[in-house]
Amino acid sequence: MLTLALQKKGRLSDTSLRLLQDCGIKISAPRNGTLRARAVNFPMEVLFLRDDDIPECIADGAADCGIVGENVIAEKKKRLSVELPLGFGRCRLSIALPREKNYEGRASLSGLRIATSYPVILQDFLERHNISAAIHEISGSVEISPGIGLADAIFDIVSTGSTLLSNGLREVEQVMTSQAVLAAQLQLSADKREKLNQLLFRIKAVQRAANNKYILLNAPNTALEDVARLLPGMNSPSVVPLAREGWSSLHSVINEDDFWENIDKLKKLGAEGILIIPIEKMIL
Ligand code: ATP
Ligand code: ZN
């Protein structure tokens with residue numbers, strides 16, 4: 001049995017549960033007071049925790065693995081194995097100054113009081129760049145601290161920058177980027193490692209599917225070779241003759257990123273009736 005720690009309530013919670021659901025693993029969302037749940041169709045138990053507690057729980061063995069932001073792992077300084085980036089919960093951690101304050105590079109940070117809930121990451125950054133500044137640790141509402149005279153600058157999570165803007169702050173140094181990852185204990189028993197690999201296999205199939213589309217199109221037989229070259233698919237495309245003389249239907253898989261660029265090229269080759277269909281799972 002594998003124990004997975006998830007954020008109980010917050011930005012990562014819904015997406016984490018949805019990811020498991022897409023992997024065919026059913027878990028009831030935590031109700032008030034429920035801190036653990038058994039997965040229905042996978043040998044796994046889920047612990048619902050504050051995200052700050054997840055790295056330690058994994059490191060000390062209370063959980064075998066968990067879904068948590070890279071920023072939290074870095075802040076807690078726990079040695080964990082990062083098994084897979086998950087592509088959600090993306091943000092950056094930056095230093096911001098009041099808009100009107102002059103900034104001429106990192107030297108301008110010297111002597112400032114910087115408010116943050118990420119003192120460890122900030123300390124590392126300051127030491128790396130030989131900056132002597134005072135770290136003022138606070139647990140929330142970091143953005144208002146310069147406005148109320150508590151600090152001269154802040155170091156905090158930025159996603160769109162609108163919170164900074166509305167507090168009269170300007171981002172001056174990006175210190176790290178972060179996303180949610182599946183992290184695990186460094187030493188798992190063979191049995192747990194096998195279960196974790198099964199979970200990783202499923203997540204990768206879901207991720208691959210999300211990045212790819214199934215494409216069907218009709219093309220004149222004379223263009224088939226060129227069309228097939230643009231759509232190599234997972235092996236090679238399937239070609240089915242149409243009732244219409246000299247035409248075929250071609251089925252393949254196309255990467256989301258290549259999609260628009262290739263659609264134009266396909267149309268130029270004479271492709272018609274192009275259908276793009278989402279893929280649910282993709283196993284290579
Ligand atoms: P908890 O109660 O579990 O301690 P929290 O308030 O610390 O929750 P959330 O705000 O739910 O945490 O954020 C969880 C994680 O989501 C962050 O640690 C970060 O990795 C990621 N994240 C992505 N975008 C943002 C954002 N705009 N603000 C805060 N966190 C973000
Ligand atoms: Zn937290």
Side-chain angles (χ1 to χ4, degrees), residues 1-73 76 78 80-91 159 178-215 234 253-256 276-284:
M1 172 99 87
L2 191 70
T3 308
L4 172 79
L6 296 184
Q7 188 186 23
K8 181 173 160 62
K9 193 169 180 295
R11 285 169 202 269
L12 305 182
S13 310
D14 289 350
T15 322
S16 303
L17 283 172
R18 200 171 333 117
L19 176 63
L20 293 178
Q21 200 178 2
D22 290 345
C23 292
I25 300 171
K26 291 196 184 66
I27 293 145
S28 36
R31 270 167 303 194
N32 284 345
T34 324
L35 293 179
R36 60 207 311 172
R38 224 0 262 274
V40 179
N41 37 13
F42 194 79
M44 188 168 84
E45 184 181 40
V46 175
L47 303 183
F48 295 103
L49 303 170
R50 282 200 59 191
D51 67 344
D52 312 64
D53 297 332
I54 292 177
E56 185 170 356
C57 263
I58 300 172
D60 74 12
D64 304 311
C65 55
I67 295 180
V68 67
E70 291 170 303
N71 55 319
V72 178
I73 297 178
K76 301 297 169 188
K78 295 290 174 197
L80 305 177
S81 152
V82 172
E83 301 282 331
L84 189 66
L86 299 175
F88 61 90
R90 285 183 192 279
C91 57
S159 55
S178 174
Q179 63 176 305
V181 296
L182 181 65
Q185 221 180 105
L186 290 175
Q187 267 147 8
L188 287 176
S189 68
D191 171 58
K192 286 178 187 288
R193 173 43 69 179
E194 189 192 326
K195 303 280 181 330
L196 177 59
N197 285 347
Q198 285 169 12
L199 177 63
L200 288 165
F201 177 85
R202 292 193 191 194
I203 296 176
K204 285 177 189 165
V206 169
Q207 288 182 331
R208 219 176 279 124
N211 291 332
N212 287 280
K213 301 279 180 237
Y214 193 73
I215 177 167
M234 290 167 73
V253 168
I254 185 170
N255 192 285
E256 179 94 78
I276 304 292
I277 301 168
I279 298 171
E280 193 171 302
K281 310 277 187 306
M282 191 167 153
I283 320 273
L284 292 180

What's the separation between atom [atom1] in [X] and atom [atom2] in [Y], rounded to the nearest 0.5 Å?
| X | Y | atom1 | atom2 | result |
| --- | --- | --- | --- | --- |
| Leu80 | Glu70 | CG | CD | 12.0 Å |
| Leu200 | Leu84 | CG | CG | 6.0 Å |
| Tyr214 | Glu280 | OH | CD | 15.0 Å |
| Leu186 | Ile58 | CG | CD1 | 10.5 Å |

Shortest non-hydrogen contact from [X] toward [Y]:
| X | Y | value |
| --- | --- | --- |
| Cys23 | Val206 | SG-CG2, 4.0 Å |
| Ile283 | Ala205 | CD1-CB, 3.7 Å |
| Ala184 | Leu188 | CB-CD1, 4.3 Å |
| Leu6 | Ile54 | C-CD1, 3.7 Å |

Exercise for review: Starting from the C-alpha separation in whole Å, work towards a yes-or-no answer on side chain to side chain contact (heavy atoms under 4.5 Å, CB included) for Leu199 and Ile25.
Suggested key: CA-CA 9 Å; Leu199 177 63; Ile25 300 171; 3.6 Å; yes
Practice item. Provide the full list of salt bridge (Lys or Arg N to Asp or Glu O under 4.0 Å) pairs with a residue in residues 47-68, sequence neighbours left out, each pair given once. Key: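 Salt bridge (Lys or Arg N to Asp or Glu O under 4.0 Å) check on residues 47-68 returns Arg50-Asp52, Asp64-Lys192.
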Check your understanding: Which salt bridge (Lys or Arg N to Asp or Glu O under 4.0 Å) pairs, counting each pair once, include a residue from residues 1-23, with sequence neighbours left out?
Key ->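 Residue pairs passing salt bridge (Lys or Arg N to Asp or Glu O under 4.0 Å), neighbours aside: none found.
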Does [X] have any side-chain contact (heavy atoms from CB on, under 4.5 Å) partners at least two apart in sequence or in another chain, and if so, which?
| X | result |
| --- | --- |
| Phe88 | Leu12, Thr15, Ser16, Leu19, Ile67, Leu86, Ala180 |
| Ala209 | Ile279, Met282 |
| Lys26 | Val40, Asn41 |

Practice item. Using the side chain to side chain contact (heavy atoms under 4.5 Å, CB included) rule, take Leu4 and Leu2 through it: C-alpha gap first, then chi angles, then the decisive distance, then the call. Key: CA-CA 6 Å; Leu4 172 79; Leu2 191 70; 5.6 Å; no
Not counting sequence neighbours, which residues clear side-chain hydrogen bond (donor to acceptor under 3.5 Å, both in side chains) with [X]? List them please.
| X | result |
| --- | --- |
| Ser178 | Asn71 |
| Glu83 | Ser81, Arg193 |
| Lys195 | Asp191 |

**Study point:** Qualifying side-chain hydrogen bond (donor to acceptor under 3.5 Å, both in side chains) pairs, either residue in residues 200-211, two or more places apart
**Key:**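 Those involving residues 200-211 do not exist here.
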Review point. Should Ile73 and Val181 be marked as a side chain to side chain contact (heavy atoms under 4.5 Å, CB included) after you check the CA-CA gap, both sets of side-chain angles, and the distance that decides it?
Key: CA-CA 10 Å; Ile73 297 178; Val181 296; 3.7 Å; yes
Exercise for review: Can you sort out the partners of Lys213 under salt bridge (Lys or Arg N to Asp or Glu O under 4.0 Å), two or more places apart, ordered by chain and number?
Suggested key: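 Glu256.
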Report all side-chain donor-acceptor pairs from residues 42-49 shorter than 3.5 Å, counting only partners two or more places apart or in another chain.
from: Glu45; atom 1: OE1; to: Arg36; atom 2: NH2; distance (Å): 3.3
from: Glu45; atom 1: OE2; to: Arg36; atom 2: NE; distance (Å): 3.0
from: Glu45; atom 1: OE2; to: Arg36; atom 2: NH2; distance (Å): 3.3

